[in-house]
**Q** 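Could you have a look at this structure, given as structure tokens, before my questions?
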Amino acid sequence: MSPTPTAPAVTAAPETTPVAAPPPHRTPASAWILLLTLATIWGTSFILMKKGLVVFSAMELGACRVTVAALILLPFAVRHLPQLERSRIQWLVLAGVVGTLIPAFLFAYAETKLASGLAGVLNALTAVFTLLVGALFFGQKLTPLRVLGIALGLVGTVVLMLLGGSGGAATPSGEGNAWYGLYIVLATMGYGVSVNVIKNRLHGIAPLAVTGLLLLFIGGPALAYLLLGTEFVYKLQHVPGAWKAFGYIALLATMSTAVAMVLFNKLIHQSTALFAASNTYLVPIMALAWGVLDGEAFNLWHLLGMVIILISVAIIHRAK
């Protein structure tokens with residue numbers, strides 16, 4: 001779609017908006033460093049959500065997470081807004097809504113009944129849906145081996161949800177319901193859409209600009225809902241432990257949303273969408289480690305489900 005005639009696009013300064021080069025044939029070392037850094041940050045996010053849910057509801061946590069991240073990157077968003085082509089706005093809004101705003105609520109809601117470690121394992125489905133969305137809408141090649149990888153990923157999900165359970169009574173509410181994993185499945189579908197949109201429709205925009213602008217468009221509604229539609233402010237003022245819980249959410253928003261999104265968008269520009277989504281190899285390990293340290297149950301069915309999902313991701317990335 002071309003820019004609106006009455007508002008010509010303004011090209012960003014070279015030092016802030018580099019022209020995207022075609023994906024390299026060989027993944028650079030810097031991309032691997034970004035991948036490992038992201039896996040560490042995102043692997044910790046599930047336990048931070050669990051700690052925030054001790055006081056705040058899932059809706060409050062999701063809205064607060066997006067709001068804080070948007071406020072952190074607001075100066076960068078304002079700086080790059082005049083340079084933004086109008087034809088890109090719809091893609092930024094789409095990526096922001098399905099890849100950040102909605103998943104923030106879905107993950108928080110899932111973790112009211114699902115152990116944080118299992119939430120991290122199910123997050124690995126991001127690679128599966130990145131491939132599916134890429135094949136359906138962006139010309140990604142779907143080979144028989146990749147179809148096998150997708151099928152295995154779904155099998156692993158079923159194993160976790162039907163046999164692995166929620167991880168016992170270590171969830172914030174003290175009860176388990178493995179079917180809450182479906183909320184994470186929906187969230188990873190949104191991630192798959194967002195990754196492909198950023199890679200194919202927002203190329204040429206600097207990662208910091210993409211992240212800041214994306215959060216700018218969804219941060220306002222999140223803030224309005226947080227202040228007018230929840231008891232967030234009341235809890236901060238009257239509920240014991242609320243500020244500590246808010247600290248966990250603020251750390252989650254800063255590192256797992258604001259900082260990690262910048263790094264992730266940079267990784268997408270340095271590699272392929274599938275390589276960027278492959279951080280899901282390592283995220284489950286980190287998430288499960290934090291969960292076990294926090295007293296969450298982990299059994300052989302959990303291990304089997306995780307192994308099946310990770311094998312599916314490996315097949316997807318290696319299949320030609």
Side-chain angles (χ1 to χ4, degrees), residues 32-56 58 60-70 72-73 99-100 103-127 160 166-167 170-172 180-181 183-184 187-188 190-191 194-195 207 211 215 241 243-267 276-298 302-303 306 309-310 313:
W32 284 100
I33 294 173
L34 284 174
L35 185 72
L36 294 174
T37 302
L38 278 167
T40 301
I41 293 174
W42 274 333
T44 307
S45 65
F46 305 97
I47 193 68
L48 292 176
M49 280 187 269
K50 178 179 176 180
K51 298 299 184 182
L53 287 168
V54 171
V55 173
F56 297 103
E60 289 165 344
L61 188 151
C64 183
R65 178 180 181 178
V66 173
T67 297
V68 172
I72 290 172
L73 294 183
T100 301
F105 293 105
L106 291 175
F107 267 96
Y109 194 59
E111 284 203 35
T112 62
K113 299 291 179 68
L114 197 71
S116 64
L118 296 189
V121 173
L122 289 173
N123 184 65
L125 293 171
T126 298
L160 280 176
S166 68
T171 53
Y180 274 64
Y183 292 106
I184 295 181
T188 57
Y191 287 157
S194 180
V195 169
T211 308
L215 286 168
W243 281 100
K244 182 178 180 180
F246 172 69
Y248 288 121
I249 299 174
L251 181 60
L252 172 71
T254 302
M255 297 304 298
S256 299
T257 303
V259 173
M261 282 178 61
V262 173
L263 296 180
F264 186 62
N265 291 336
K266 185 174 183 179
L267 178 61
S278 67
N279 67 82
T280 47
Y281 282 120
L282 303 176
V283 167
I285 299 173
M286 180 67 69
L288 280 171
W290 277 112
V292 171
L293 288 174
D294 200 50
E296 294 179 358
F298 183 70
H302 296 149
L303 179 61
M306 181 182 73
I309 289 176
L310 294 183
V313 175

**Q** Which pair of heavy atoms, one from A104 and one from R65, lies closest together, and at what distance?
**A**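 A104 and R65 have their closest heavy atoms at CB-CD, 4.4 Å.
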
**Q** For A108, does its backbone N or O pair with a side-chain atom of T112 as donor and acceptor, under 3.5 Å?
**A** no

**Q** Given 3.5 Å as the limit, does a donor-acceptor pair link the side chain of S194 with the main chain of Y191, or not?
**A** no

**Q** May I have the step-by-step check of side-chain contact (heavy atoms from CB on, under 4.5 Å) for V68 and I72, ending in yes or no?
**A** CA-CA 6 Å; V68 172; I72 290 172; 3.9 Å; yes

**Q** If you look at every heavy atom in V283 and G120, which pair is closest and at what distance?
**A** CG1-O, 4.2 Å

**Q** One pair to check against side-chain contact (heavy atoms from CB on, under 4.5 Å): L122 and T188. What are the steps and the verdict?
**A** CA-CA 8 Å; L122 289 173; T188 57; over 6 Å; no

**Q** I'd like to check D294 versus K51 (side-chain heavy atoms, cut-off strictly below 4.5 Å). Are they in contact?
**A**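 With C-beta onward as the side chain, the pair touches.
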
**Q** Ring centroid separation for Y180 and Y109, is it under 6.0 angstrom?
**A**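 Under 6.0 Å, so yes.
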
**Q** Any sub-3.5 Å donor-acceptor pair from E296's side-chain atoms to G117's backbone N or O?
**A** yes

**Q** Picking from I41, L251, L38, what satisfies side chain to side chain contact (heavy atoms under 4.5 Å, CB included) with S256?
**A**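 Testing each of I41, L251, L38 against S256, the sole residue satisfying side chain to side chain contact (heavy atoms under 4.5 Å, CB included) is I41.
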
**Q** Do L73 and V262 touch side chain to side chain, with heavy atoms closer than 4.5 Å?
**A** yes

**Q** Is any side-chain heavy atom of F56 closer than 4.5 Å to a side-chain heavy atom of F246?
**A** yes

**Q** I need the minimum non-hydrogen distance between G181 and L114, along with the two atoms involved.
**A**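 Closest approach of G181 to L114: CA-CD2, 4.0 Å.
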
**Q** Do F46 and N123 make a side-chain contact, defined as non-hydrogen atoms from C-beta onward lying under 4.5 Å apart?
**A** yes

**Q** Using side-chain heavy atoms (C-beta onward) and a distance below 4.5 Å, is L310 in contact with V121?
**A** no

**Q** Return the minimal non-hydrogen interatomic distance between L267 and L35, and the atom names on each side.
**A**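 Looking at all heavy atoms of both residues, the closest pair is CD2-CD1, 4.0 Å.
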
**Q** Return the minimal non-hydrogen interatomic distance between V55 and G241, and the atom names on each side.
**A**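 Scanning both residues, the minimum pair turns out to be CG2-O, 3.7 Å.
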
**Q** From T44 OG1 over to L252 CG, what is the distance, rounded to the nearest 0.5 angstrom?
**A** 10.0 Å

**Q** Could you walk me through whether V195 and F264 pass the side-chain contact (heavy atoms from CB on, under 4.5 Å) test, one step at a time?
**A** CA-CA 9 Å; V195 169; F264 186 62; 3.5 Å; yes

**Q** Taking it one step at a time, do T211 and T257 satisfy side-chain contact (heavy atoms from CB on, under 4.5 Å)?
**A** CA-CA 9 Å; T211 308; T257 303; over 6 Å; no

